[in-house]
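Below: the structure, in C-alpha cells.
Every value quoted in this text rests on a predicted model; they were computed, and no experiment measured them. Proteins come first, then strands; the chains are lettered A, B, ... in the order of their sequence lines, and each starts at number 1.
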Amino acid sequence: MSETIILALPKGRILAELGGLLARAGIVPAADYTEEDSRRLRFPTSDPLLDVVRVRPFDVATFVAHGAAQIGICGADVLMEFDDAEIYAPLDLGIGRCRVSIAESEHRDAAENPAQWSRVSVATKYPNIARRHFAARGVQAEIVHLNGAMELAPSLGLAQLIVDLVQTGSTLKANGLVETEVIAPVTSRLIVNRTALKTRPEAIGAWIERFRIALEAPAP
Amino acid sequence: MTDDTPNPALLPAGFADALPPEAEREAAFVEAIMASFALHGYERVKPPLLEFEDSLLAGSGAAIAEQTFRLMDPVSQRMMGLRADTTPQVARIAATRLAAVPRPLRLSYAGQVLRVRGTQLSAARQLPQVGVELIGAESAAADAEVAVVAVEALAAVGIENPSLDITLPTMAPSLLDDAEVSPDLRRRLARALDRKDAAAVAEAAAEGGAALAGLTPLLHAAGPADGALAALAKASLPPAARAIADNAAAVIAAILARAPGLRITLDPVEFRGFRYHTGVAFTLYGPGASGEMGRGGRYLAQGGEPATGISLYPDAMLRAAPSAPGPARLFLPLGTDVATARRLRAEGFVTVAALSAQDDAERLRCSHTLVGGTPVALKRKKV
C-alpha cells in the first residue's frame with residue numbers, strides 16, 4: 001500500500017488562517033493550494049510522503065472517518081455534528097474561533113414562553129447538534145435543513161429559530177436576528193483516522209507531534 | 001398522482017444479495033475460519049436467530065440493545081430480539097445448557113447478525129459474524145490463546161501481517177475512581193481521553209490533583225507494545241491500575257510466546273467501543289489500510305463467569321484477502337460419458353453439463369471445455 005499520508009484541509013475561511021501553522025509544522029504545499037479558483041484538488045508538499053487535499057469543511061471529517069485522508073483539520077462544529085467513532089481529535093489548534101449559537105428574530109412575540117414548547121422549528125445546517133440540544137431540554141426540534149442563508153429563515157417564516165456558526169454576529173444583526181444562546185464554542189481541531197493511528201502509530205504520531213510543537217512555537 | 005411500482009431489485013437500506021462468486025467465497029471463508037477454530041479445540045454451537053429480549057439483552061447483551069431489531073412473538077406474546085451480536089447468546093448457552101460441562105469451555109459460532117443501523121463506514125445492516133468464546137478461564141494464557149486463535153484464523157484465509165491493538169478499558173475508569181474526581185470532571189476527562197485530546201486531558205487532570213498526574217504520560221504511551229509497556233512500567237500507578245498494567249504485560253508476553261512475529265500495539269487509556277469489557281480488549285487490523293477485521297476481549301459472562309472472546313468480520317476479511325481464482329469450470333458437451341465426468345470432478349474440476357445442443361462453453365462461463373476426453377483451457381478472459 002502507499003505510504004503517502006493525506007492531510008485534508010477545509011476550503012474557505014480556515015485555510016487562510018492555517019498558513020502560519022502549516023509553515024511552522026514544516027508543511028509547504030504547492031503554491032496554488034490556497035487559490036480558490038485553482039482546479040487542482042490534491043497538492044503535493046515539500047515532504048514527498050505528504051499530500052494535501054482541499055475539500056469542504058464537512059467533507060474533511062468524512063475523508064478522515066473513511067481513511068481516505070489519514071489526518072485533517074476541521075472545526076469542532078463539524079465533529080459535534082458527525083460524532084464519528086473512527087475519528088480522534090488530539091489537538092485543539094486554537095484557530096478559526098467562533099461558536100455554534102441559537103438566534104431568533106429580534107421581534108419575537110414576548111408572550112411566548114420557550115419553557116412551554118413541545119417542539120420548535122429550527123433552520124440549520126447542523127441537524128444533529130440542533131436535535132440533541134433541544135432534546136436535552138425536552139423539546140423536539142423540527143429541522144429545516146439548509147446549506148446557507150439560514151439568517152433568512154425566521155423573517156420569511158421558514159423556521160422560528162436558527163442554529164448556526166457565529167463569528168462576529170454582524171450577519172445576524174444585519175438580518176434582524178439576536179443571538180440568544182451559545183451551544184458551544186468552536187475552534188479548529190487536528191483530527192486523525194483511528195485505523196491509521198492504530199496501524200501506523202509511528203508515522204501518524206510523528207505528525208501529531210509536529211503539529212503540537214508548531215502550536216507551542218511563537219507565531220512569527 | 002403517479003403510481004410507479006417500486007423496482008423489485010430495491011432492497012431495504014443496508015441489505016444486499018450476495019451473487020456468484022462472492023456468496024461462494026464468503027461461505028468458503030467462514031468454513032475455513034471455523035475449521036481453524038476447530039483445530040484449537042473450539043466446538044461449534046448454533047444459537048437461534050431470535051430469542052426473548054430479556055435473555056438476549058441480559059448482561060453483556062445490554063451494550064447492543066439499541067442495535068437490536070425486535071418483534072412480538074404472537075405465540076407467547078413476549079418481545080423477541082433478532083441477534084445483533086452472537087456473543088451474548090453463546091454466553092447464555094454456556095451458563096445454562098452447558099453449565100455442567102467442565103471448564104474451561106471452548107465454543108465457536110458462525111452466523112448472520114442484524115443491526116438496526118449501519119455505521120458511517122459501512123451501511124450494511126446484515127453482517128456475517130464468526131468467533132470464539134473461551135469461558136471459565138481467567139488467565140493471561142486464556143486471553144493470549146483467543147488472540148492467537150483469531151490471528152491464525154486470518155492466516156487461514158490468506159490475511160497475513162495483521163496488527164493487534166490491545167486496549168485496557170478498565171484502566172482510565174480505575175484511575176478516575178482512585179482520584180475520586182467529581183462527576184463533571186469525570187465526564188470531561190472521559191470525553192478528552194476518548195478523543196485523545198492531550199491538551200484537554202492535561203488541563204482536566206491538573207484539576208484532579210496529583211492522583212491524575214499519571215494520565216497524560218499514559219495517553220502518550222499509546223503505540224507499539226514494547227514502548228507502551230516500558231512507559232507503563234515507569235508510570236507511578238495506584239495498586240488497582242498497577243494490577244491492570246501488570247496483567248497487560250503478562251497477556252502481551254503470552255501472545256508473543258505463541259506468535260513471535262505478531263505486530264502488537266497497546267493503548268492503555270482508551271476505552272472507546274468497549275463497554276462491557278473487564279480486562280484486555282482486542283482489535284485486529286488487517287494489513288495496510290484494510291481496516292478492522294475483528295474485535296473482542298475479556299468480559300464477565302452470565303453468572304459472573306470469567307470469559308474471553310473475539311468476533312471476526314468475514315465481510316471485512318473478504319475485502320482484505322487476496323482474491324484467489326476459483327476452480328476451473330469445465331464444459332461437458334452433450335453425450336459426455338458419466339464416468340469421465342465423475343473422474344474429472346474428482347480431479348478438482350467443476351463440471352457444467354450441456355442440457356441441449358444450444359449450450360456452449362462460453363455462454364455458460366466455462367474456463368475449459370472437453371476435447372476428445374481431455375480438458376482444454378479456453379482462450380478467453382477468466383470467469
Side-chain angles (χ1 to χ4, degrees), chain A residues 1-6 58-59 61-71 74 76 78-94 128 184-185 187-209 211-216, chain B residues 117-123 161-167 191-204 216 219-228 231 263-267 269-275 281-293 295 316 319-320 322:
Chain A
M1 88 175 231
S2 153
E3 291 297 308
T4 308
I5 287 178
I6 308 277
F58 270 98
D59 296 344
T62 306
F63 273 65
V64 173
H66 287 253
Q70 289 74 34
I71 47 184
C74 70
V78 173
L79 297 178
M80 283 171 69
E81 179 64 21
F82 269 118
D83 201 18
D84 194 294
E86 297 304 312
I87 296 178
Y88 293 124
L91 285 182
D92 182 345
L93 301 178
N128 294 328
T187 48
S188 293
R189 308 296 165 119
L190 181 76
I191 62 175
V192 304
N193 174 264
R194 175 180 168 126
T195 300
L197 184 63
K198 295 295 189 185
T199 56
R200 301 171 68 187
E202 297 91 347
I204 305 291
W207 276 110
I208 297 174
E209 201 48 39
F211 273 96
R212 196 193 318 281
I213 291 165
L215 273 181
E216 283 163 9
Chain B
R117 269 177 296 276
T119 63
Q120 200 147 29
L121 289 194
S122 155
N161 301 319
S163 84
L164 176 69
D165 186 52
I166 296 181
T167 56
R191 185 173 171 74
L193 284 170
D194 186 52
R195 298 183 145 205
K196 297 205 180 299
D197 183 340
V201 169
E203 191 184 310
T216 294
L219 183 64
H220 289 300
D226 45 358
R263 190 176 144 78
I264 304 178
T265 52
L266 173 64
D267 193 337
V269 288
E270 175 161 295
F271 48 86
R272 187 182 270 200
F274 292 99
R275 285 202 268 171
F282 304 124
T283 310
L284 257 176
Y285 289 96
S290 56
E292 209 171 303
M293 300 289 123
R295 222 178 239 222
R319 289 190 295 270

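- Shown here are the salt bridge (charged side-chain N to carboxylate O under 4.0 Å, His left out) partners of B:Asp197, two or more places apart in sequence or in another chain: A:Arg189.
- Under a 3.5 Å cut-off, the side chain of B:Arg195 and the backbone N or O of A:Ile191 do not form any donor-acceptor pair.
- With sequence neighbours left out, B:Glu203 forms a side-chain contact (heavy atoms from CB on, under 4.5 Å) with no residue at all.
- For A:Ala89, the parts lying near chain B are the backbone and the side chain together; criterion is any non-hydrogen pair under 4.5 Å.
- In this structure, B:Thr265 and A:Pro201 approach most closely via the heavy-atom pair CG2-CG, 3.9 Å.
- Considering all non-hydrogen atoms of both residues, A:Tyr88 and B:Lys196 come closest at CZ-CE, 3.5 Å.
- Comparing A:Asp84, A:Leu91, A:Leu79 by how many heavy-atom pairs each has under 4.5 Å with chain B, the most go to A:Asp84.
- Interatomic distance, CD of B:Glu292 versus NZ of A:Lys198, reported as 10.0 Å (0.5 Å rounding).
- Neither the backbone nor the side chain of A:Glu209 comes within less than 4.5 Å of any heavy atom in chain B.
- Within the 4.5 angstrom heavy-atom criterion, no atom of A:Ile208 approaches chain B.
- For A:Phe63, the CZ atom sits in a loose shell: 12 or fewer heavy atoms of surrounding residues, nucleotides or ligands are nearer than 6.0 Å.
- Nearest approach of B:Ser163 to A:Thr199, heavy atoms of both residues: OG-CG2, 3.7 Å.
- Closest approach of A:Arg194 and B:Arg295 over heavy atoms only: NH2-NH2, 3.3 Å.
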